[in-house]
Amino acid sequence: AEVHVLNWKGYGADEPWAIQAFEKATGNKVVNDFFNSEQEMLTKIRTNPGLYDVVMINAAFNNQAMAEKLIQPIDVSKLPNYADISKDKAGSPMLDHDGKVYGVPWVWGLTALAINEKSFDKPPTSIAEMWDPAHKGRVIIRDDAVEAVQFGAIATGQNINDIKDMDAVKTKLTSLMPQIKTFWSSENDWNQMVASNQIDIGTYWSGSADRAKTHFKLPVSLVIPKEGAVAWLDAFSIPAGSKNVEGAQAFINWMIDPKFYVEWVTKVGAPVSANTKAVEALPEDAFNRKVMGDPEVAKRIQFQAPITDAQREAYLALWQQLKVDVK
Amino acid sequence: MAVPGATASRSGQRSALPLLAPAYLWLTVAIFLPLSAMVFFSFMTDLPLSGKPWAFTLGNYAAFFSQSLYLTLLLASLRLGLEVTLWCIVIGYPAAYVLAKVLKGRSREAIFLLVILPFWSNGLVRIFSWAMVLREGGILDTALNAVLPFKINIDLMYSYPAVIIGLVHSYVPYMVLTCYLTLQAIDDSLIEAGRSLGASRLQVLKRVIIPLSLPGLVAGAALIFVPVVGSFMEPRILGGRTGTFYGTVIEDQFVAVFNWPLGAALSFILLAVVLVILAVASPVLRRAA
Amino acid sequence: MMTTRILEGLGRFYIGLLLAFLYLPIVIMALMSFNVSPFYQLPFEWTTEWYASLWHNDQLIAATWNSLEIAIVTTVICVVLGSAASLALYRYEFRGKKVLQALLFPPIAIPWLITGTAMLIFFFGVGIGRGLFAILLGHVALALPYVIVVVSARLQTFAPELEEAARSLGANQWQVTMRVTLPWIMPGVIAGGLFAFAVSFDQFVVSYFLATPGQTTLPVEIYAAIRKGFTPEINAVSTIIIVVSMALMLLTARFFKFGGEK
Amino acid sequence: MAGVQVANVSRSFGAHKALDDVSIDFADGGFYALLGPSGSGKTTLLRQIAGFDFPDSGRISIGGESVERVPVEKRRIGMVFQNYALFPNMSVADNVAFGLSVRGENKAVIATEVQRALDLVQLGKLGGRRPHQLSGGQRQRVALARAIVTKPRVLLLDEPLGALDKALRVDMQIELKRIQREIGITTIFVTHDQEEALTMSDRIGILRDGRLVQEGPPEEIYDRPKSEFAATFLGDANIFRGDATGNGIRLPDGTAIAAKVGDRLAGGAKASCAVRPERIRIATDAVVSDAADANMLKGKVSKRIFAGNNSTYFVERAGQTLKVIVQNTGADRLAEGQDVVLRWSPESTVLIAAG
Amino acid sequence: MAGVQVANVSRSFGAHKALDDVSIDFADGGFYALLGPSGSGKTTLLRQIAGFDFPDSGRISIGGESVERVPVEKRRIGMVFQNYALFPNMSVADNVAFGLSVRGENKAVIATEVQRALDLVQLGKLGGRRPHQLSGGQRQRVALARAIVTKPRVLLLDEPLGALDKALRVDMQIELKRIQREIGITTIFVTHDQEEALTMSDRIGILRDGRLVQEGPPEEIYDRPKSEFAATFLGDANIFRGDATGNGIRLPDGTAIAAKVGDRLAGGAKASCAVRPERIRIATDAVVSDAADANMLKGKVSKRIFAGNNSTYFVERAGQTLKVIVQNTGADRLAEGQDVVLRWSPESTVLIAAG
Ligand SMILES: Nc1ncnc2c1ncn2[C@@H]1O[C@H](COP(=O)(O)OP(=O)(O)OP(=O)(O)O)[C@@H](O)[C@H]1O
Ligand SMILES: Nc1ncnc2c1ncn2[C@@H]1O[C@H](COP(=O)(O)OP(=O)(O)OP(=O)(O)O)[C@@H](O)[C@H]1O
Ligand SMILES: [Mg+2]
Ligand SMILES: [Mg+2]
């Protein structure tokens, strides 16, 4: 049977070696489809009922998908590896509703800072580095309203899920705009900018930074600033109307398996697995184990909670205004 | 030359129908009906698709007027469209003229096709290549510094000029093509007649050739101006910080916040503005012809 | 006489400049397909590894073929339907003609993103669904207005008494069209066809919405690939396409006259 | 074959009446010349018959059958356009072959017919050229060959020989007449060459401002014009205006002019007499030669213009310039300023009611 | 103003020599007619003078100055194109105004000049029309008005009156001559109307296959053609071929024809005699009238063709058809089949060396 998987492109689930092994082991054939934004992902499930068997959903969106009845509860007893998932993640209220599991935590990561190693003798520790006039025109951030605003919240010492002082965020971000070279929207953008030595510092995803260093051998390293960072959790769900639930379960289980994870990290570079066993299978000094597993770090990071449409639109309005003002 | 409706008047609708029907049926099914659905959505508070309650509203259109942002961006986009169109005319028209009236023989056909060909490469790949050329330490920078005795820093990337360059590059073949089509049809004896009456080449160009090639010029200008006003890909990638335009905010509504009703309303406002501009321009242009 | 020669020389020079401008990114694209770094990094290091890996990238190759097929079919359909419609708009006077002409602009003016979403929803609603057929449906609709606009521009230069002459010689409407009108507007038809091909072949947005997994087109593949990390395989495949089409075009240029005749 | 009936046809362009209630019966197999000043509606009339344009009122029949609903291509006409309308994208031979080839004629037959038609218009060797590589006269001949090669039942010729030199024109005239007689094509021919109209046609129609002024066989129109306009438009005429007497008119200065041709008019009415310049004999006043010439006037030669086979003398008389044509037989010329006597017979004088 | 010198100009299109070593001196202020069969190179020659096209060899000067490097717009010419070349995008008035307006003339001046030019070509009321709304002759007149309104120093007219009826044509001829005389424009005029060429021009040049065949004042060319071609091309001629005698030729059947005009030829050489049809007197054989006519032949009338002011009799004689033109003075006609005697004087007979 076929398992239709909807995920970001190049995000583990489409690694040829993994798929090959999975297909060999379970007899299911994997068909990958990709999205470029969460909204698009939702649209795709909405307009293709019954097409997908597995969908990767950021935990912050799980609630919305469930409310729209786009996804179905998952029988976690069919997933042997589910037991190894760290309790704080497996029990997340973002994924479990009415005692039913709607999302299986897969990996988590950070939106933190990444630096061009060539531009720094010593890695910076503060988020304020981005505002340093020395980096004028050599800063890059993602073209994403929610992320930008939450980032501003961190820079102004606020809770990203409960921003009280929007004006402070706006002022902070306004003063950042002139520093910026351009906005990135894909890993490739970031990597190209570094490769051609056009930037010093910018926001980046932890998994991507890892990939840039490990896989592409670029002079990139991740910095988790002392003010904190935005964390996100990605989880797998099974869309309502899936025609191959069994295959979907097998696939999800495969994805949270330590064996796959270790291979993924070594060959490609990846975020941190939600499976504690998987993380433990990494070498002691692995970044995902040593830094990301550091309790000091854990204290500093803030997980993204779901946000309402109204908030999202307000963030977008703010973001667009900032971009227009800088023109 | 064109004698409008010389053979026409009599037959009208009935004769036109079989020729028009296939094209317009196709357009109806694949564009007009879907867009009508969008028009419908643009008057809703929310998409029915999303499973949330919805109601009719004019709010999406009101949003355009309540926030100065949209108007600012629309004007910026119109200016962008105008500038790109002008550059395309400035660059493309002479090339079309040379192709149509100066070059003769085989090389003409070959060059003509060569002009179109870049078009067949992927737009994104082309934009990335431009980044390579325009950035600091890129091809242009290196090449100029190799030639010039003094050191200059060329970093056009992520700026308004970069957007213009990228868009002009993408659209200039339209202008070359459409102008060529009408220029080539101008009888040489008209040019000769103009010069025998004492008009210099430039005057002949202005008074005879341009008016006669106007249909092509107008078609080309419309085919460039219209999509450029709504473009978002090139501005986003090449414009960097300054690359926010009307098209990009529409894109945001669709991609980032899933507010299709607002996105649709914004695009229909754009469409209306563009159509009004074309409608106002066409009689002016016709009079010039 | 002298000035004529000088002007001709200037003309050639100018065309050369234009071609240089047009081909600059293409050349870079081709060069980068031979560069080791996937991030357009210099210094240039020669490799053919991207061509080799392209060879094994079945998905990319399949997508390329899909794109080619769709573009060719789109071109043929657009040229036929578009030329017919242009002729009707040129020949006949009837009520509503202005409206029909104005209707050509929405497909061009509305950002493809919106059109694409609209198509997705509508096709989903009426049961056409997604897939290559839906993509074709969409591409033809997007390219048709271009063909009609271009062919109409050329038709405006046509002298109607030629049609009259042909009819006086006993040619019926079809023969008049095929043997007198069409040869005159041929440059426009060919140009329209080239546009249609370009619109379809480089069409990302609409294809993106309408493609089903496993059945994609080249631009969709490229866009998706860019999220992951751009590989110069894309440059490689683009280079191959350009080189092959250039060869084909220059070959055909030897056999056909694009200028029409005076 | 087929005659063409034009009945009460009118056609306006905006406020301008290009054709105004025109009725002509073009007899089957006849050769008909249409004459008229520039802009008088000749081309417009041909276009109505061909079916490119439609009358505002009136009807047109070909072969007895109304053609209102018959499209151009079914009317079986051949037409030479005033501006030729050659197909620019085809060679000369393909232009000529067009009519046969749309009919689905056999290739070999077409090739022979086309070559024959090209030979006929003396362009046998230029079949491979494109129209833009031809001279004006060559183009016109291609248009002619193209129109006749299909052997239409009605041939509409809009100044088909206007760009040809005299010798070629005569050759073409002979060929046209031959073809027209052989297959009995009804031919309607617009020309500005009067000699051509007079020598070739069975009948002539004269249009003026969209109206048919006079119609009839060439000699009748030439010898008995019904109006001053007809008299001066076809051929040349000296016009005298005065009051009708029983058998002619009396000029204001009292001179009587006798006329034996044309209208019979009651005495006293305003009337004109028309006399062809070649009918007047000119002599130095001393000589009296022929008593049969009842009309005589005195005058003074003001100018002589040489025109090949004849010369025209302009003679001043009572404020009027009279023209006299004299064949250049090699005899002595009259000098300018010489006093002369003009004589002509009443049989050469046409009486026309003033109108 | 300025004369035009064409010296040894040649121009080929591919293998075809459209102009072959042509030299003509168009005198300043002269009125020059170019004649020649269709395709003989007349338009090509005008285009060289105008500067649209360049000679392969030879040189052209205007006003004594070589114009090789002078672009068209600086040559100060006016041209009427064979196909008119009116600007389709401009009204009639704007077409005519074009030349003045590119010169930066004052608006009011332009308006007056344009109206005057349009009145002159009798189109005063049609200034607002577009060219495609005009009849053929009207278009031609617009082209003429457009060319003369700028008062050029050289006027190149390529069949400028070909689409006009006789009356209008005569009016235009008069106007053209008047303008040309008033401002002394050097005028070069292509026409197929022989009468027009003969009556209007100071000199005539005849082209054939790209070569200049003969050149001179009208009467000289008409009365003393230097070749059979010139004799038959301009006007009509009866040609007799035989062996030269001291004062004429002897036909193969032994008849002698006396000639007093043209070349002096040694006895025995092949030669021709040309006689204009209007110089021959035709009579029923009984009557003997004038002893001065040394040449006499007998024949039989085979046909008579009416051509308005004259008629042509075709007379068969020894396998040759001779033409005789008789003015239509109203006298009795000869019947077809009648035996006749033809007479003409040696002064009317041109001796031409066989070539
Ligand atoms: N572009 C061309 N290519 C080939 N031959 C040409 C071209 N232009 C003219 N010719 C030939 O040159 C010759 C002279 O042409 P030209 O137009 O001068 O003739 P013309 O004397 O004006 O004749 P007409 O009285 O028919 O207008 C013709 O035989 C014509 O076919
Ligand atoms: N499309 C039009 N719009 C307005 N007037 C027109 C149009 N076509 C023709 N006319 C006018 O109708 C009249 C008759 O034109 P037509 O072409 O029949 O003249 P014609 O007798 O053929 O003249 P010519 O001998 O000059 O060719 C002219 O006065 C002309 O200006
Ligand atoms: Mg006419
Ligand atoms: Mg010519």
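So that the names make sense, note that chain A is the first sequence line, chain B the second, and so on, each numbered from 1.
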Open item on the list: Checking side-chain contact (heavy atoms from CB on, under 4.5 Å) between C:Arg167 and each of D:Val102, D:Ile77, D:Val72, which is the one that passes?
Closed with: D:Val72
Open item on the list: Just checking D:Arg59: does its CZ atom have more than 12 heavy atoms from other residues, nucleotides or ligands closer to it than 6.0 angstrom?
Closed with: no
Open item on the list: Taking atom CZ as the centre, does C:Phe133 end up with more than 12 heavy-atom neighbours from other residues, nucleotides or ligands that are less than 6.0 angstrom away?
Closed with: no
Might you point out which heavy atoms bring [X] and [Y] nearest each other, and give the distance in Å?
X        : Y        : answer
C:Ser168 : D:Phe52  : CB-CZ, 3.8 Å
D:Ala85  : C:Ala165 : O-CB, 3.7 Å
C:Ala171 : D:Glu73  : O-CB, 3.1 Å
D:Asn89  : C:Pro183 : ND2-CB, 2.8 Å

TODO: For D:Asn106, check side-chain contact (heavy atoms from CB on, under 4.5 Å) against everything at least two apart and list the hits.
DONE: D:Ala108, D:Val109
Task: Pairs of heavy atoms under 4.5 Å with chain D: top-ranked of C:Asn172, C:Val180, C:Leu169 - done: C:Leu169
TODO: Scan residues 72-82 of chain C for pairs that pass side chain to side chain donor-acceptor pair (under 3.5 Å), counting only residues two or more places apart or in two chains.
DONE: none
Mind checking the [atom1]-[atom2] spacing from [X] to [Y]? Nearest 0.5 Å is all I need.
X        : Y        : atom1 : atom2 : answer
C:Arg179 : D:Ser101 : CZ    : OG    : 3.0 Å
C:Glu161 : D:Tyr84  : CD    : OH    : 13.0 Å
D:Phe81  : C:Glu164 : CZ    : CD    : 5.5 Å

- [ ] Examine whether an atom of D:Asp94 lies under 4.5 Å from a heavy atom of chain C, and if so say whether it belongs to the side chain, the backbone or both; otherwise answer neither.
- [x] neither
- [ ] Identify which part of D:Leu86 has an atom lying under 4.5 Å from any heavy atom of chain C, answering side chain, backbone, both or neither.
- [x] backbone
